[in-house]
*Asks:* 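Quick one: the structure is below, and I'll ask about it shortly.
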Protein chains: 2
Amino acid sequence: MKETVTVKTLAKELNISIATVSKALNDSYEISLETKQKVWDLAKKLKYQRNPSASNLRSHKTKTIAVIIPEIANNFFSLAINGIEEIARKRDYHVLIYQTHENSEIEIAFTDSLLSGRVDGILISVSSNTNNNEHFKELVKKIPVVFFDRVFEDIDAVKITTDDYESAYSATRHLIEGGCKKIAYLFALNNLVTGKNRFAGYQKALEEHGMVYTDAMVVNYDKDISKNYENIKAMVSSEKPDAIISSIEDLALPCYYVARELNLNIPGDLKIISFSNLNTAPLLNPSLTTIEQPAFEIGKEAADILFKILDKKYFDPNENHILKSSLIKRESTS
Amino acid sequence: MKETVTVKTLAKELNISIATVSKALNDSYEISLETKQKVWDLAKKLKYQRNPSASNLRSHKTKTIAVIIPEIANNFFSLAINGIEEIARKRDYHVLIYQTHENSEIEIAFTDSLLSGRVDGILISVSSNTNNNEHFKELVKKIPVVFFDRVFEDIDAVKITTDDYESAYSATRHLIEGGCKKIAYLFALNNLVTGKNRFAGYQKALEEHGMVYTDAMVVNYDKDISKNYENIKAMVSSEKPDAIISSIEDLALPCYYVARELNLNIPGDLKIISFSNLNTAPLLNPSLTTIEQPAFEIGKEAADILFKILDKKYFDPNENHILKSSLIKRESTS
DNA sequence: GCTATTCACTTAAACGTATTCGTAAATAAA
DNA sequence: TTTATTTACGAATACGTTTAAGTGAATAGC
């Protein structure tokens, strides 16, 4: 068994105190360059690695952040993580990832467990089934948190979102201008501003063109994923819309299957448009018109701000950062 | 500022020693059920949370594992992570995720940094650009490691893979039986058994049918992702194969773009088959024939075995676990 | 030339937990 | 009854850092 090399080892070897070693390793002004250099050299030679637990325990800094997301197997979130990771790596931070699988109890369990000092801060995109934000209100009082994409409105924390209202609005207009008379909507994230804004944008566009929607044309996202396909199919069968707007990516592919099943031609019989970051969108049959969110940038921005908060260089917890999504028109709406 | 509640708090409140509290919390046989119950109740009431750093420092257990993968924005890996996570959560373990972005220097930096006692074990799927396994040979001596999917052959560690040879073989046969005379191959993971086996399966099938491949028909994966498209295009233009087998998912979509660009009909002019876990494979234009790996199960299996090793209940470091992939025939090869 | 300050370092305590060793009382064995 | 064993707990230490406070020597200020 190899002896593990600690500050003590270095101190003994160099005949100086462990305090000096520690300070040298932290590049403290109290230590002469000469001594620092000796310490650094020996540390490198002996492959010294600072013990993170001991360091955390003493300094209350973990150099770790947590990312809580609904699902990793989703292009939007994996791209966001990439953005987060890019920023985290620059600061030598580690990233713990927690998936809620859209389950708000799991979400609560995670946030609770993160209060033990395991991480310095948290980035979170709320589960769609979370309908109570009391828990988050408590959370943000105890640890720095930045919300991204799926956010609550009345919470004292920085939020990074996209222009949900505007993009849903212009997507709807795009369909109307394409001649659609009956536009169905797949509603998700009902409890979050994110979902509300998207729906509001849809409503607004309809209204402006003297159109209306009925409840029957709106399918609500079901926790039970298998039910979504059935619900969409039922709605399309009975309502016979000529277009569908899906407010989340997960509901877009079921639309394709439904159209196939019901023998409907896309876009001839049914136009489809979805919030999505699918990289196969251009290769689908037919290619899918999407509202593409700047996922990577959202991740970067969120992480960036979290670090600013950790550095105590940020003081406006209620600022909303809104990035722009882009409507990418493809065959499914042409 | 709220006082943080520690074992000391509990001890004082209950008028017992902190040793007793600590032991009670760990459900030690040394403590009476009565006392344990009192401690547990108070702990719950005061929302006591064990400080992970202190606990790690003392016990040398972090309850954390690291997962090192090339890319998170890839269905195979995100599904594998889901499998890993499912197992980890059952054991109340935390999961640190590190992406190498196929860069072996970053890979080395990560593994090095994980030697500081930040995690109890590591799950790793090697970067495609890693051509030297010396570093891993050192690593596995110092910390429990399980390799999955992308693995080296001569390393003293458990490896979880799929039947790469057999599945590449049957994929190739599928094409031959479909009448293909000139089957090109997109070669990746050249340095790993994973890649070698796949290529060998392809070779074997060709050979059995008296067919040959030339170097010109084999395109090697380029670190510079943008080049892959160009290389495939050049190969298809000059060699005019009637089929392509892609040994990784990342090279499948470029084939679609190349076919489009060169005005080739899939599958009429060019059949395509790829190792892939794309969930949009059935919806592509045309739908893509895939060799689908059991990604979720691979993750579960890898995590499962890592935990067995951590429990010291596993003693065969060289056992290979091979799961079966499935060939899913779709329009791109029919 | 004397005091005040800076420099470079050390001592010692703390962070919160786990664990070894010891012990008094209760129980069992003789 | 005496001795051995078990039960239930406590005292004290260690894990590897960081940091507040202290110190002697060198330098600066006047």
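The chains referred to below are lettered A, B, ... by the order of the sequence lines, with proteins before strands, and numbering in each begins at 1.
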*Asks:* For D:dT17 and A:Tyr48 - does any side-chain N or O of the residue sit under 4.0 Å from the phosphate oxygens OP1/OP2?
*Replies:*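 Indeed, a polar side-chain atom of A:Tyr48 lies that close.
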*Asks:* Mind checking whether A:Phe148 and A:His321 have ring centres under 6.0 Å apart?
*Replies:*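 Between A:Phe148 and A:His321, the centre distance exceeds or equals 6.0 Å.
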*Asks:* Taking only Lys NZ, Arg NE, NH1 and NH2, and the carboxylate oxygens of Asp or Glu, determine whether B:Arg150 and B:Glu102 approach each other closer than 4.0 Å.
*Replies:*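 Salt bridge present between B:Arg150 and B:Glu102.
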*Asks:* Under 4.0 Å between a side-chain N or O of A:Ser22 and OP1 or OP2 of D:dT18?
*Replies:*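 So the side chain of A:Ser22 is within the cut-off, an N or O lying under 4.0 Å from OP1 or OP2 of D:dT18.
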*Asks:* Base, sugar-phosphate or nothing for B:Leu25? Non-hydrogen atoms, less than 4.0 Å.
*Replies:*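 If one applies the 4.0 Å heavy-atom cut-off, B:Leu25 turns out to touch nothing in the nucleic acid.
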*Asks:* To the nearest Å, how far apart are B:Ile18 CD1 and D:dC9 C1'?
*Replies:*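 Computing the B:Ile18:CD1 to D:dC9:C1' distance gives 13 Å.
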*Asks:* Need to verify one output field. Residue with the more 5' nearest nucleotide on DNA chain C, B:Ser53 or B:Ala19?
*Replies:*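 Looking at DNA chain C, the more 5' nearest nucleotide goes with B:Ser53.
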*Asks:* I'd like to know if B:Asp27 and B:Lys36 make a salt bridge, using a cut-off of under 4.0 Å between side-chain N and carboxylate O.
*Replies:*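 Yes, this pair counts.
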*Asks:* Under 4.0 Å: is that the gap between some side-chain N or O of B:Ser17 and OP1 or OP2 of D:dG10?
*Replies:*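 Yes.
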*Asks:* Does a nitrogen or oxygen in the side chain of A:Thr35 sit under 4.0 Å from OP1 or OP2 of C:dA8?
*Replies:*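 Indeed not, no polar side-chain atom of A:Thr35 lies that close.
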*Asks:* Output the single nucleotide from C:dT17, D:dT18, C:dC9 whose closest atom is nearest the side chain of B:Thr6.
*Replies:*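 The listed nucleotide nearest to B:Thr6's side chain is C:dT17.
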*Asks:* Report yes if at least one side-chain N or O of A:Asn26 is closer than 4.0 Å to OP1 or OP2 of D:dT18; otherwise report no.
*Replies:*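 For D:dT18, OP1 or OP2 has a side-chain N or O of A:Asn26 closer than 4.0 Å.
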*Asks:* In whole angstrom, what separates A:Arg50's CZ from C:dC15's C1'?
*Replies:*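 Computing the A:Arg50:CZ to C:dC15:C1' distance gives 16 Å.
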*Asks:* Can you tell me how far P of D:dC9 sits from NZ of B:Lys23, to the nearest Å?
*Replies:*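 It works out to 10 Å between those atoms.
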*Asks:* In this structure, how many angstroms lie between the C1' atom of D:dT19 and the CG atom of A:Asn56, rounded?
*Replies:*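 Answer to the nearest Å: 16 Å.
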*Asks:* What does A:Thr20 touch in the nucleic acid at a heavy-atom separation under 4.0 angstrom: a base, only the sugar-phosphate, or nothing?
*Replies:*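 Base contact.
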